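Nothing here was measured: the structure is a model prediction, and the numbers come from that model.
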Amino acid sequence: MSDPNPYADDSYKWGPPQQPGGPPTVPDGQGYPGPGNPVYGYPQPLPESATGPGPGYGYPAGQPTMPGYGYPGQQGPPPMGGGGPVLSFGDITVMGDSIVTPSGTMPLKGAVWTATDMSRTEEKIPTVAIVLAILFALLCLVGLLFLLMKEKKTTGFIQVTVTSAGRHHSTMIPALRPDTFLMVMAQLNTARSLSF
């Protein structure tokens with residue numbers, strides 16, 4: 001055990017006999033890997049169908065060339081513009097250089113954006129406050145302080161409209177809070193700056 005590697009004497013002890021200075025031999029006359037004998041781990045030359053006429057890309061000549069998964073004709077998803085999504089308003093998506101809507105793709109340059117606030121915010125006394133005011137009215141009229149409770153509820157939509165290259169599309173964004181219109185306008189101003 002004093003020698004760290006007992007096989008370091010460079011004498012070949014396993015497998016078929018080796019000839020010094022030559023390529024390794026393979027039993028049963030299979031020969032060294034070559035064009036007709038593929039062996040794992042050795043680079044292989046391209047077949048004739050890949051270099052000559054035919055579908056190319058290393059596919060045999062019998063393979064179909066119509067578009068489909070894994071075949072040379074496959075293009076992938078169509079390009080939607082220069083990059084990924086930048087902004088989104090409901091079903092309107094702003095890409096790098098285009099606007100994608102259900103009614104078609106429009107160019108981003110020269111687009112006109114508008115927003116209309118069709119929401120309203122109502123303020124009312126909640127039912128809980130009325131019940132508590134009645135229950136605590138007998139206790140030195142302190143229960144009347146519960147009537148000062150107010151509840152704000154926003155309903156409606158914000159309509160966002162885009163017009164570009166003769167096409168027009170609008171979408172409705174639900175207004176869930178009083179400041180929803182301000183948030184939509186901030187995004188809309190970003191879209192307007194990209195449209196220049």
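- Take Thr114 and apply the side-chain contact (heavy atoms from CB on, under 4.5 Å) test, not counting sequence neighbours, and it matches Thr161.
- Here the side chains of Pro85 and Met95 are in contact, with some heavy-atom distance below 4.5 Å.
- Taking OG1 of Thr171 as the start and CD1 of Ile158 as the end, the distance is 11.0 Å to the nearest 0.5 Å.
- Counting only heavy atoms from C-beta outward, the side chains of Arg167 and Ser103 never approach each other to under 4.5 Å.
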Got a list of side-chain donor-acceptor pairs under 3.5 Å for residues 125-153, not counting sequence neighbours?
none

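- The minimum heavy-atom distance linking Gly90 with Ser88 is given by the pair O-OG, 3.6 Å.
- Here salt bridge (charged side-chain N to carboxylate O under 4.0 Å, His left out) pairs that include residues 125-146, with residues two or more places apart or in two chains, number zero.
- With values rounded to the nearest 0.5 angstrom, Thr163 atom OG1 is found 11.0 Å from His169 atom NE2.
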Donor-acceptor list for residues 175-196 side chains, cut-off 3.5 Å, not counting sequence neighbours:
| residue | atom | partner | partner atom | Å |
| --- | --- | --- | --- | --- |
| Arg177 | NE | Asp179 | OD1 | 3.1 |
| Arg177 | NH2 | Asp179 | OD1 | 3.3 |
| Arg177 | NH2 | Asp179 | OD2 | 2.8 |
| Thr180 | OG1 | Leu176 | N | 3.4 |
| Thr180 | OG1 | Arg177 | N | 3.1 |
| Thr180 | OG1 | Arg177 | O | 2.9 |
| Asn189 | OD1 | Arg192 | NH1 | 3.3 |
| Asn189 | ND2 | Met185 | O | 3.2 |
| Thr190 | OG1 | Ala186 | O | 3.1 |
| Arg192 | NE | Trp113 | O | 3.3 |
| Arg192 | NH2 | Trp113 | O | 2.9 |
| Ser193 | OG | Thr190 | O | 2.7 |
| Ser195 | OG | Leu108 | O | 3.4 |
| Ser195 | OG | Trp113 | NE1 | 3.0 |
| Ser195 | OG | Ala191 | O | 2.9 |

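- When hydrophobic residues (I, L, V, M, F, W, Y) are linked wherever their side-chain heavy atoms come within less than 4.5 Å, the members clustered with Met118 are Phe157, Met172.
- Through side-chain heavy atoms spaced under 4.5 Å, either directly or across other Ile, Leu, Val, Met, Phe, Trp or Tyr residues, Val112 is tied to no other residue.
- The minimum heavy-atom distance between Ile99 and Pro107, with the atom names listed, is CD1-O, 3.9 Å.
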